[in-house]
Student: 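Handing you a structure now.
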Amino acid sequence: MFRNSSFSKLLILVIVLGIAAKFISFLLLPESAYNDAIYHLNLIKEVVAQQTFSLNTDVPPPLFHAASAALFSFSGLAFDSFAIKLFPLVLLFLQLIFGFLLMRKIFPENPLPGFAFLVIYPWLTRFGGINYPEALAVVGVMATLLLLLKMREQKNSNPLYAFALAVSISVISLSKLNGTILVPVFFLAALYVLWKNNNSAKSIVTFAVIAILLSSFWFGLNFIKFGQFDQHLKGDVTNFGEGTGFSLQSIASNLQGYYLYFFDFPAEAAFSSVSFLAGIAPVIPAVIFAIVVLPLFALLLFGAKKLFEKDKFLALLIFSAILLAFIPIVQRTAYYRLIIPAVPLLAILFGFGFNAVKGHFRTIALVSLVLFAAYSFAYTSYSAYQFNNALSPNDLLYEKISELPNDAKVLISANRSRDVEFFAGRTSMGADTGTPEFLVSNPADFYNAAKKAGITDIAVVCYKDPFNKEMLQKLEQQNKISVLFSKDCSKLYEVN
């Protein structure tokens, strides 16, 4: 199955680097590094406490939260730093297993290139080891593709395959909206495969009913309760107005971003004074990076051509799904985190492209892949390490906040407000540009705003803290606030 060549050895090296980066990121990256992970953990915690989903608010597709909550409920584990990583770990292993099986199914003679692209793609690595529902969507996409390909080989396949396919499509639908948007493609592909394989009309209708009911029931409940299928649809999927990324001006002015961020080059803000990239001019690294990944981009395009020539059904499925995946990405202007459910589809295109090229271009492509793997490993691992160093000092701060009275209201950086709710179990209020009254340098103005908002305590964090330190010192000297806790760069003040 694998050729004993230097090419294969380098591809295996790329895979090892990719898997190592995934586990380093998994072990080091705090859940609070990316704010939405804490949002999802708070939902999971609420489900465990109530043993049901609250229908008082419009919550996102619930399968990730329900599955994780079930793990906590049946195991009796507490919501500590170890236990909250278990479900992402399960999904990480499933991604690797299904990913390899999928690539071996499509490329029986050489699955390594496609699998290598899958495991080194930085967007999936950075968000695949924490509590992000996209990790479940990826598993659903790969399981659905495997089932479709298996069923295509069989005439009148076992009805259990059709049922499993309906379930796997529902997993995609109920994991995350940027997965849900792919469901029409997989649903129509499944109907075509069942029809083409001479399954009975009864079997096809049964599959369709099960898939539609399982995939849509949650959105139906939301519509009945709130008059909309999901609160995020307009913001992430269905809004194509001029104020979105779909305007021609926005697309034209961000072409370089669409190219660079596709391969997860750091955003311009990452080169600011609060990042480990601080002080580096982004232009030269961006140009070098763009040149290094150009062969990979060319292979994706070439792979699309080769796939269409070899398997038009699979090509149309993948092209359509990727096109749909780009709707929320463009809507939010090159917001490539939302491409994660479609990463296995990109890996398939890459596999077709790499396996088709010969000679010097294959050598160039392999060098590009190795360099990209080195970048992915360094970027994802070091950023996880940096986040760990920056955010771990907050652990003792949250422990102290948890000792405050139950009716305490803590003012903290908006990016950390969800942390207070999850780790400390206390009410918080976030300070950012949306609350300019807390970003002032005048002590009297700040104090009056805090009292008016009912703030009882103020938490200062080590990473991207918004408060003026001199102003807080003056308030402390005036005995208007008192230090309850101080450790390194984190502090907790009581408002007197």
Student: Against F297, only a single residue in Y259, F372, F302 fulfils ring pair (Phe, Tyr, Trp, His ring centres under 6.0 Å); can you say which?
Tutor: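 Exactly one pass, corresponding to Y259.
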Student: How many angstroms lie between atom OG of S32 and atom CG of N388, to the nearest 0.5 angstrom?
Tutor: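 Going from the OG atom of S32 to the CG atom of N388 covers 9.5 Å.
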Student: Mind checking whether F23 and F26 have parallel, tilted or perpendicular rings, split at 30° and 60°?
Tutor: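 Because their plane-to-plane angle is over 60°, the rings of F23 and F26 count as perpendicular.
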Student: List the atom of S417, the atom of I412, and the distance in Å for their closest heavy-atom pair.
Tutor: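 Minimum heavy-atom contact is CA-CG2, 3.7 Å.
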Student: If you measure from OG on S68 to CG on L41, what distance do you get to the nearest 0.5 Å?
Tutor: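 If we round to the nearest 0.5 Å, S68:OG and L41:CG are 7.0 Å apart.
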Student: Is it true that R337 and Y34 share a donor-acceptor pair across their side chains at a distance under 3.5 Å?
Tutor: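 Result is no, nothing qualifies.
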Student: Can a donor-acceptor pair be found, under 3.5 Å and without considering hydrogens, that links the side chain of D311 to the backbone of L307?
Tutor: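 No, because the side chain of D311 does not come within donor-acceptor range (under 3.5 Å) of the backbone of L307.
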Student: How long is the gap from CZ on F186 to OG on S215, to the nearest 0.5 Å?
Tutor: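 Here the interatomic distance stands at 12.0 Å.
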Student: Parallel, tilted or perpendicular, judged at 30° and 60°: which one describes the rings of F107 and F352?
Tutor: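 The rings of F107 and F352 stand perpendicular, inter-plane angle above 60°.
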Student: Distance check, rounded to the nearest 0.5 Å: L296 atom CG versus L369 atom CG?
Tutor: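 Answer for the CG-CG pair, L296 versus L369, is 6.0 Å.
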Student: Between R418 and E421, does any side-chain N to carboxylate O distance fall below 4.0 Å?
Tutor: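 Judged by the 4.0 Å cut-off on N to carboxylate O distance, R418 and E421 do not form a salt bridge.
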Student: Roughly how far, to the nearest 0.5 Å, is the CG atom of L96 from the CG atom of L118?
Tutor: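 Output value for this atom pair is 8.0 Å.
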Student: If you measure from CG on D36 to CD on E31, what distance do you get to the nearest 0.5 Å?
Tutor: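 The CD atom of E31 is 11.5 Å from CG of D36, to the nearest 0.5 Å.
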Student: For R126 and T380, indicate whether the former's side chain and the latter's backbone hold a donor-acceptor pair under 3.5 Å.
Tutor: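 Side chain of R126 to backbone of T380, a donor-acceptor pair under 3.5 Å: no, none is there.
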Student: Quick one, L145 with L345, criterion side chain to side chain contact (heavy atoms under 4.5 Å, CB included). Give me CA distance, side-chain angles, the key distance, then yes/no.
Tutor: CA-CA 9 Å; L145 272 174; L345 310 180; 3.5 Å; yes
Student: Parallel, tilted or perpendicular: which one describes the rings of F423 and Y398, with boundaries at 30° and 60°?
Tutor: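 Parallel, since the angle between the ring planes stays under 30°.
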Student: What about the rings of F117 and Y121, do their centers lie closer together than 6.0 Å?
Tutor: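 So the answer is yes for these two rings.
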Student: Could you report the tightest heavy-atom contact between N355 and P113, atom names first, then the distance?
Tutor: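 Smallest interatomic distance, heavy atoms only, reads OD1-CG, 3.6 Å.
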Student: Quick one: does any side-chain atom of Q50 pair with a main-chain N or O of V47 as donor and acceptor, under 3.5 Å?
Tutor: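 Not a single qualifying donor-acceptor pair exists.
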Student: Determine the minimum heavy-atom distance between V138 and I340, stating which atoms define it.
Tutor: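 Nearest pair, atom of V138 first, then I340: CG2-O, 3.2 Å.
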Student: When you measure from the side chain of N131 to the backbone of H40, do you find a donor-acceptor pair of N or O atoms at a distance under 3.5 Å?
Tutor: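 Checked: no pair found.
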Student: Ignoring hydrogens and geometry, is there a side-chain-to-backbone donor-acceptor pair from N197 to N199 under 3.5 Å?
Tutor: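 Not confirmed, N197 side chain does not pair with N199 backbone.
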Student: Would you confirm whether S368, through its side chain, and I364, through its main-chain N or O, come within 3.5 Å as a donor-acceptor pair?
Tutor: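 Not confirmed, S368 side chain does not pair with I364 backbone.
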Student: Looking at side-chain heavy atoms only, is the closest gap between L101 and R104 below 4.5 Å?
Tutor: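 Contact flag for L101/R104 side chains = yes.
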Student: Begin with the C-alpha distance, continue with both residues' side-chain angles, and end with the deciding distance and a verdict on side chain to side chain contact (heavy atoms under 4.5 Å, CB included) for L349 and F319.
Tutor: CA-CA 10 Å; L349 296 184; F319 297 166; 4.0 Å; yes
Student: Within 45° of the six-membered ring axis of F422 and under 6.0 Å from that ring's centre, is NZ or CZ of K45 located there?
Tutor: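 Yes, cation above the ring, under 6.0 Å and within 45°.
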Student: Within the side chain of S200, is there an N or O that forms a donor-acceptor pair under 3.5 Å with the backbone of S203?
Tutor: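 Such a contact is found between S200 side chain and S203 backbone.
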Student: Side chain of K85, backbone of G129: donor and acceptor closer than 3.5 Å?
Tutor: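 Looks like yes, one N/O pair under 3.5 Å.
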Student: Nearest heavy-atom pair of A365 and L299: which atoms, and what distance?
Tutor: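 For A365 versus L299, the nearest heavy atoms are CB-CD1, 3.5 Å.
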Student: Between the main-chain N or O of A166 and the side-chain N or O of S170, is there a donor-acceptor pair closer than 3.5 Å?
Tutor: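 Indeed, once roles are kept as given, a pair shorter than 3.5 Å links the two residues.
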Student: Taking all non-hydrogen atoms of both residues into account, name the closest pair between S376 and I120 and its distance.
Tutor: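 That closest heavy-atom pairing would be OG-O, 2.6 Å.
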Student: Which residues pass the ring pair (Phe, Tyr, Trp, His ring centres under 6.0 Å) test with F308, not counting sequence neighbours?
Tutor: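 Per chain and number, F308 pairs via ring pair (Phe, Tyr, Trp, His ring centres under 6.0 Å) with no residue.
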Student: Considering only heavy atoms from C-beta outward, does the side chain of T206 approach that of K202 to under 4.5 Å?
Tutor: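 Yes; the side chains approach each other to less than 4.5 Å.
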Student: For the pair I339 and F326, evaluate side chain to side chain contact (heavy atoms under 4.5 Å, CB included) and give the outcome as yes or no after the intermediate values.
Tutor: CA-CA 7 Å; I339 204 173; F326 264 86; 4.1 Å; yes
Student: Which word best sums up how the rings of F262 and Y336 line up, parallel for under 30°, tilted for 30 to 60°, or perpendicular for over 60°?
Tutor: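 The arrangement is perpendicular - the two ring planes meet at more than 60°.
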Student: Please evaluate residues F72 and F87 with respect to the criterion ring-ring contact (aromatic ring centres under 6.0 Å, His included), reporting the C-alpha separation (whole Å), side-chain torsions for both, the decisive distance (0.1 Å), and the verdict.
Tutor: CA-CA 9 Å; F72 280 100; F87 192 51; 9.2 Å; no
Student: Which heavy atom of L260 sits nearest to which heavy atom of A286, and what is that distance?
Tutor: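 Looking at all heavy atoms of both residues, the shortest contact is CD2-O, 3.7 Å.
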Student: Can a donor-acceptor pair be found, under 3.5 Å and without considering hydrogens, that links the side chain of N415 to the backbone of N35?
Tutor: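 No; judged by distance alone, with no hydrogens or angles, the pair does not exist.
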